[in-house]
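Input: a single structure, listed below in structure tokens.
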Protein chains: 2
Amino acid sequence: MGRKARYDKKQFIRGALKLLAELGPAGVTMNAVAEEIGAPIGSVYHRFVSRDVLLAELWLQVVESFQKNFLKALERSDGLEAALHTPRWVRAHPKEGKVLLLYRRDELSRGEWPDDIKAHAVKLAEELNTGIRSFVTQMFGRMSRRNLNRTVFVLIDVPHAAVRRYLEVGAILPDVVDELIRDTYHAVYKEVV
Amino acid sequence: MGRKARYDKKQFIRGALKLLAELGPAGVTMNAVAEEIGAPIGSVYHRFVSRDVLLAELWLQVVESFQKNFLKALERSDGLEAALHTPRWVRAHPKEGKVLLLYRRDELSRGEWPDDIKAHAVKLAEELNTGIRSFVTQMFGRMSRRNLNRTVFVLIDVPHAAVRRYLEVGAILPDVVDELIRDTYHAVYKEVV
DNA sequence: GACATATTAGAATATATATTCTAGTATATA
DNA sequence: TATATACTAGAATATATATTCTAATATGTC
């Protein structure tokens with residue numbers, strides 16, 4: 001019932017993603033998003049309550065994309081694969097990579113989120129959390145704050161740090177990145193592996 | 001010649017630093033800066049051409065503060081000390097730490113910088129660059145892109161990554177941070193040290 | 001003490017964007 | 001074919017902040 005839609009959420013999010021990767025947060029104005037896909041601004045607001053929510057959905061989509069295979073590697077107890085997932089994912093998804101690694105969530109979307117979006121965020125956070133915790137238990141035999149810290153560092157923080165520098169200047173990720181991540185992985189897990 | 005100043009640059013920068021660390025970039029409005037130190041907004045503009053320039057000067061001051069002892073450690077060819085400088089400096093300068101590690105320069109100050117500020121930035125960048133390069137030469141016997149990459153990773157990227165997570169949530173830096181930085185250092189430099 | 005001027009004061013203005021609002025359009029359903 | 005309504009359209013509005021502007025004020029110099 002009612003007229004057929006010419007533009008849907010996906011298109012607006014794709015447009016916003018492009019603008020965000022190319023111009024940064026300030027470039028993602030509602031007019032720019034509309035223009036990017038040739039829609040009137042009214043149609044953007046027909047889909048998203050606010051810019052804040054549009055960016056929130058974009059953010060969650062990016063996080064979900066990143067986490068998907070990262071968690072799969074963890075489930076296989078393949079820590080090294082999980083650590084190397086970051087550069088690989090970034091190579092395959094350059095725009096998403098920029099969003100995840102160059103901006104902070106609260107820089108993109110600051111207001112209160114609607115319940116469904118908040119729920120989605122909680123779900124993703126919990127998935128990541130339990131994924132890492134069960135990996136730690138597998139890996140070390142038991143959970144401890146220290147082991148958790150080391151794992152988060154090796155599987156997430158270091159890979160992100162290794163990649164970020166290149167994304168900032170828009171350079172292609174060299175292979176050294178993977179090499180460094182690998183070295184760090186073995187160093188920090190030396191007692192275990 | 002003229003009346004005595006009641007407010008100087010330093011005070012405004014200090015005020016902006018506090019706001020930035022507490023509220024993020026959006027909290028650093030010109031009115032807020034003025035209010036922070038009880039000055040009229042006209043006096044802020046009397047000292048700084050624009051918000052952009054105020055933030056540029058703040059940024060350079062923070063970078064300079066960070067680099068000072070970092071470079072000293074490098075000059076002593078003390079790579080480990082240089083790597084550990086990040087968590088130590090952040091503990092000693094929490095507000096500056098947040099600014100340097102949580103925000104990107106172009107997020108704070110986007111416009112064209114006046115010549116003197118640009119010159120200052122170039123000077124700092126060159127100092128860091130030559131400091132690292134001469135350290136690499138000392139350390140490895142010769143300069144190479146690969147050795148430079150490894151060094152930047154170990155001395156800067158990894159320490160920053162280890163610290164960032166805690167700054168984001170306003171937590172005190174635990175000792176694990178130093179431990180992890182140390183482990184990574186030895187791992188990546190294993191052929192050398 | 002008078003003058004020149006660096007500085008304080010803060011109200012007024014400019015500008016950029018998010019958001020709202022009203023009108024028109026196309027399609028599913030009856 | 002009539003009707004309800006999801007959607008398109010984009011002009012008008014609201015709002016937040018940076019910036020400008022004009023008028024005082026105090027202090028060093030003559």
Side-chain angles (χ1 to χ4, degrees), chain A residues 1-20 22-59 103 105-114 117, chain B residues 1-20 22-59 103 105-114 117:
Chain A
M1 36 160 80
R3 134 185 211 175
K4 198 190 290 176
R6 184 173 297 176
Y7 315 101
D8 62 2
K9 279 194 165 192
K10 247 183 201 167
Q11 292 175 76
F12 292 118
I13 290 184
R14 231 200 309 277
L17 173 64
K18 189 181 170 210
L19 289 167
L20 188 50
E22 282 174 5
L23 308 171
V28 189
T29 68
M30 294 303 256
N31 276 295
V33 171
E35 205 173 315
E36 181 68 31
I37 67 178
I41 192 171
S43 292
V44 184
Y45 277 94
H46 185 68
R47 297 294 177 191
F48 301 93
V49 190
S50 64
R51 174 179 185 271
D52 209 67
V53 165
L54 165 54
L55 287 174
E57 295 203 18
L58 167 55
W59 177 258
Y103 310 112
R105 168 200 138 150
D106 67 293
E107 165 185 13
L108 297 180
S109 175
R110 349 184 93 255
E112 263 296 280
W113 287 359
I117 294 186
Chain B
M1 30 150 82
R3 124 187 219 180
K4 198 191 288 177
R6 185 173 297 176
Y7 316 101
D8 63 3
K9 279 193 164 192
K10 246 182 202 167
Q11 294 175 74
F12 292 118
I13 290 184
R14 230 198 311 276
L17 172 64
K18 189 181 169 209
L19 290 167
L20 189 51
E22 281 173 8
L23 308 172
V28 189
T29 68
M30 293 303 257
N31 276 295
V33 171
E35 205 172 315
E36 181 68 31
I37 67 178
I41 193 172
S43 292
V44 184
Y45 277 94
H46 185 69
R47 298 293 176 192
F48 300 93
V49 188
S50 66
R51 174 178 185 272
D52 208 69
V53 165
L54 165 55
L55 287 174
E57 294 204 19
L58 167 56
W59 176 258
Y103 309 112
R105 167 199 140 152
D106 67 294
E107 166 184 12
L108 298 179
S109 175
R110 346 185 95 254
E112 264 295 279
W113 287 0
I117 294 185

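Note that the coordinates shown come from a computational prediction; the quantities given were computed from them, not determined experimentally. Residue numbering restarts at 1 for every chain, and letters A, B, ... go by the order of the sequence lines.
With dT20(C), dG10(C), dA18(D) as the choices, the nucleotide that has an atom nearest any side-chain atom of Y45(B) turns out to be dA18(D). Side-chain proximity of H46(A) to the nucleotides dT19(D), dT20(C), dT8(D) is greatest for dT8(D). When the nucleotides dA18(D), dG10(C), dT20(C) are ranked by their closest atom to the side chain of P40(B), dG10(C) comes out on top. Side-chain proximity of A5(B) to the nucleotides dA9(C), dA18(C), dT7(C) is greatest for dT7(C). Distances from the side chain of R3(A) to the nucleotides dA9(C), dA26(C), dT20(D) place dA26(C) closest. Candidate nucleotides dA6(C), dT17(D), dT19(D) were compared by shortest atom distance to the side chain of T29(B), and dT17(D) ranks first.
Rounded to whole angstrom, the span from the CD1 atom of I41(A) across to the C1' atom of dT13(D) amounts to 12 Å. Atom CE in M30(B) sits roughly 16 Å away from atom C1' in dT15(C) (whole-Å rounding). Taking atom CG of residue N31(B) and atom P of nucleotide dA9(C), one finds them 15 Å apart after rounding to whole Å. Summarising the geometry, the separation between CG on D52(B) and C1' on dT17(D) is reported as 14 Å, rounded to the nearest angstrom. If you measure from atom CZ of R110(A) to atom C1' of dT17(C), you get 16 Å, rounded to the nearest angstrom. One can place CZ of F48(A) at 18 Å from C1' of dT20(C), the figure rounded to the nearest angstrom. As rounded to whole Å, 7 Å separates atom P of dT8(D) from atom CZ of F12(A). Atom CG of L19(B) is separated from atom P of dT17(D) by 12 Å (rounded to the nearest Å).
Within the 4.0 Å cut-off from OP1 or OP2 of dA6(C), not a single side-chain nitrogen or oxygen of R47(B) is found. Between S43(A) and dC7(D) there is no side-chain N or O to OP1 or OP2 distance below 4.0 Å.
Looking at which nucleotide of DNA chain D each of Y7(A) and R51(B) is closest to, the 5′-most match is held by Y7(A). Nearest-nucleotide assignment on DNA chain C puts the 5′-proximal partner with S50(A), out of S50(A) and K4(A).
Heavy atoms only, all atoms of each residue included: L20(B) and Y103(B) are closest at O-OH, 3.6 Å. Pairing each heavy atom of D52(A) with each of L108(A), the nearest pair is OD1-O, 4.3 Å. Between Y7(B) and P40(B), the shortest heavy-atom distance links the atoms CE1-CD, 3.8 Å.
Rounded to the nearest 0.5 angstrom, I117(A) CD1 and F48(A) CZ are separated by 8.5 Å. Distance CZ/R51(A) to CG/L58(A): 10.5 Å, rounded to 0.5 Å.
Residue R6(B) places no side-chain atom within donor-acceptor reach of the base of dT7(C), judged by atom type and a 3.5 Å distance cut-off alone.
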